[in-house]
Amino acid sequence: MDASLDTGVKVMRNVAHVTFGSGSLGQLDEAIERVVGPVCSSSIVCLIDYFFSGKIPQTIQKLVGAGANSIFVDSSHEPTTQGIDELVEKIRNTVDEVALVIAFGGGSTLDTGKAVSNLLTNGGQAADYQGWDLVKRPGVPKIGIPTLSGTGAEATRTCVMTNPATGLKLGMNSDHTVFDFIILDPLLSATVPREQYFFTGMDAYIHCAEALGGTFRNAIGDALSRESLRLCERVFSSEDMMSLEARQELMVASYLGGCAIATTYVGLIHPFSAGLSVVLGIHHCLANCIALRALSEFYPEEARKMDEWASKQGVSIPFGIGRTLTQEQLVALEAATIVHQKPLTNALGPNYRETLTSERVHRIFLGM
Ligand code: NAD
Ligand code: ZN
């Protein structure tokens, strides 16, 4: 720890209210009461992952039946600035005054809820706020309800969006982006496809492994990361990673991982993963797993464990992308990776280019 560097994060902003447990979705009315007090249902906007169209849980359905607006979020593509702008426009055109945003889904839907909430009160376009502390006013109050565990989006102060015009993948990093209330109900993740469950769950593991492997450290972040890693290990090495007990533990790991990452930085895996997402359109969590395997020379223990867990849980991580990459794609992948200075410095120090030469970066991508 002596050689560690200060992350510069001095003040941490956490979610104001958290409730946890099987059936805790039933506390939604109480959550609404706490966040906004008495409110007319027609001023509530529910953003719901499209998997739930035709099968909205009863608690949310009751709200919609009473007049709340429901909008399905197509999470087959991760959020873009353009998609967020269109959604905000649609909400402005259909709802007089939005008093509350409820986001119900995985990381894509939670991030969509956060971005929409900020834009409704701050005006302008999503791309105007990609960066650090650019959001000036608090957003519309918001409640987050994750249905998939791992990204930690329920806890963080960002909402990741890709700007198709510039290729920039960056969120609105702001205290105003943090949810006012989150409901962590492990009953909601029972229907997640196994592979998706594994890939997204690994995001928590990877965030925390990268944070603990870095030089920028924060004592609270370290403690949160260690516990998140321990829970992930239990889940993935258990007989069934999707038992109710395992889903409960992964939900906690995701939340703690999100709290941890807000205090520190990721390492090498996320920059390579971002390259895969920006250049090849591969989803964040799958891209992480592909990147971790190709970076086993830097993260040998983590890569070995991931392979062991994947085979134990009957999940396969695709291999062979590297074989079809063109020279042009390799150049684009390198650029989209190397741009992430802070995490790369966290992992390898300020002279990271001495280790990550063009030739080596290309070789890593070719090995995927
Ligand atoms: P997701 O939200 O993109 O959803 C992935 C798939 O899972 C979708 O097909 C969705 O329909 C399905 N799904 C979700 N819940 C389900 C359920 N209960 N049953 C059945 N299917 C279900 O997945 P994700 O991996 O949670 O989120 C990825 C996004 O999170 C990326 O855009 C990434 O950039 C972002 N992210 C954000 C942060 C943050 O701090 N804000 C951190 C890491 C990643
Ligand atoms: Zn991640």
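Note that ligands are numbered from 1 as they come in the structure, with each ligand's atoms numbered from 1 the same way.
- A salt bridge (charged side-chain N to carboxylate O under 4.0 Å, His left out) check over residues 40-64, counting only residues at least two apart or in different chains, returns the pairs Asp29-Lys62.
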Run the side-chain donor-acceptor check on residues 105-121: report pairs under 3.5 Å with partners two or more places apart or on a different chain.
unit_1, atom_1, unit_2, atom_2, d
Asp111, OD2, Val160, N, 2.9
Thr112, OG1, Ser108, O, 2.7
Lys114, NZ, Ala153, O, 2.6
Lys114, NZ, Thr156, O, 3.0
Lys114, NZ, Thr156, OG1, 3.1
Lys114, NZ, Thr158, O, 2.7
Ser117, OG, Val140, N, 3.2
Ser117, OG, Val140, O, 2.7
Asn118, ND2, Thr177, OG1, 3.1
Thr121, OG1, Asn118, O, 3.3
Thr121, OG1, Pro138, O, 2.9

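- Side-chain contact annotation: Thr200 with Gln196, donor-acceptor N/O pair under 3.5 Å present.
- In this structure, Phe272 and Phe365 have tilted ring planes: the angle between them lies in the 30° to 60° band.
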Could you give the side-chain donor-acceptor pairs of residues 290-299 under 3.5 Å, partners two or more places apart or in another chain?
unit_1, atom_1, unit_2, atom_2, d
Arg293, NH1, Ile317, O, 3.1
Arg293, NH2, Pro318, O, 2.6
Glu297, OE1, Arg360, NH2, 2.8
Tyr299, OH, Leu268, N, 3.0

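- Ring orientation note: the planes of Tyr205 and Trp309 are nearly perpendicular, at an angle over 60° on the 30°/60° scale.
- Among the atoms of His284, an N, O or S atom falls under 2.8 Å of the Zn ion (ligand 2).
- Heavy atoms of other residues, nucleotides or ligands lying less than 6.0 angstrom from NZ of Lys312 number more than 12.
- In terms of distance to the Zn ion (ligand 2), the nearest N, O or S atom of Asp203 is named OD1.
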For ligand 1, which of its N or O atoms have a protein N or O partner closer than 3.5 Å, and how long is each gap?
unit_1, atom_1, unit_2, atom_2, d
ligand 1, 2 (O), Gly107, N, 3.2
ligand 1, 2 (O), Ser108, N, 2.9
ligand 1, 2 (O), Ser108, OG, 3.4
ligand 1, 3 (O), Ser108, OG, 2.6
ligand 1, 11 (O), Asp49, OD1, 2.6
ligand 1, 11 (O), Asp49, OD2, 3.2
ligand 1, 11 (O), Ser75, OG, 3.2
ligand 1, 15 (N), Thr147, OG1, 2.8
ligand 1, 18 (N), Thr147, O, 3.0
ligand 1, 18 (N), Leu188, O, 2.9
ligand 1, 18 (N), Thr191, OG1, 3.3
ligand 1, 19 (N), Thr191, OG1, 2.7
ligand 1, 19 (N), Val192, N, 3.4
ligand 1, 25 (O), Thr200, OG1, 2.8
ligand 1, 26 (O), Gly107, N, 2.7
ligand 1, 27 (O), Gly107, N, 3.3
ligand 1, 40 (O), Thr156, OG1, 2.6
ligand 1, 41 (N), Asp111, OD1, 2.8
ligand 1, 41 (N), Asp111, OD2, 3.3
ligand 1, 41 (N), Thr156, OG1, 3.4
ligand 1, 41 (N), Thr158, O, 3.1

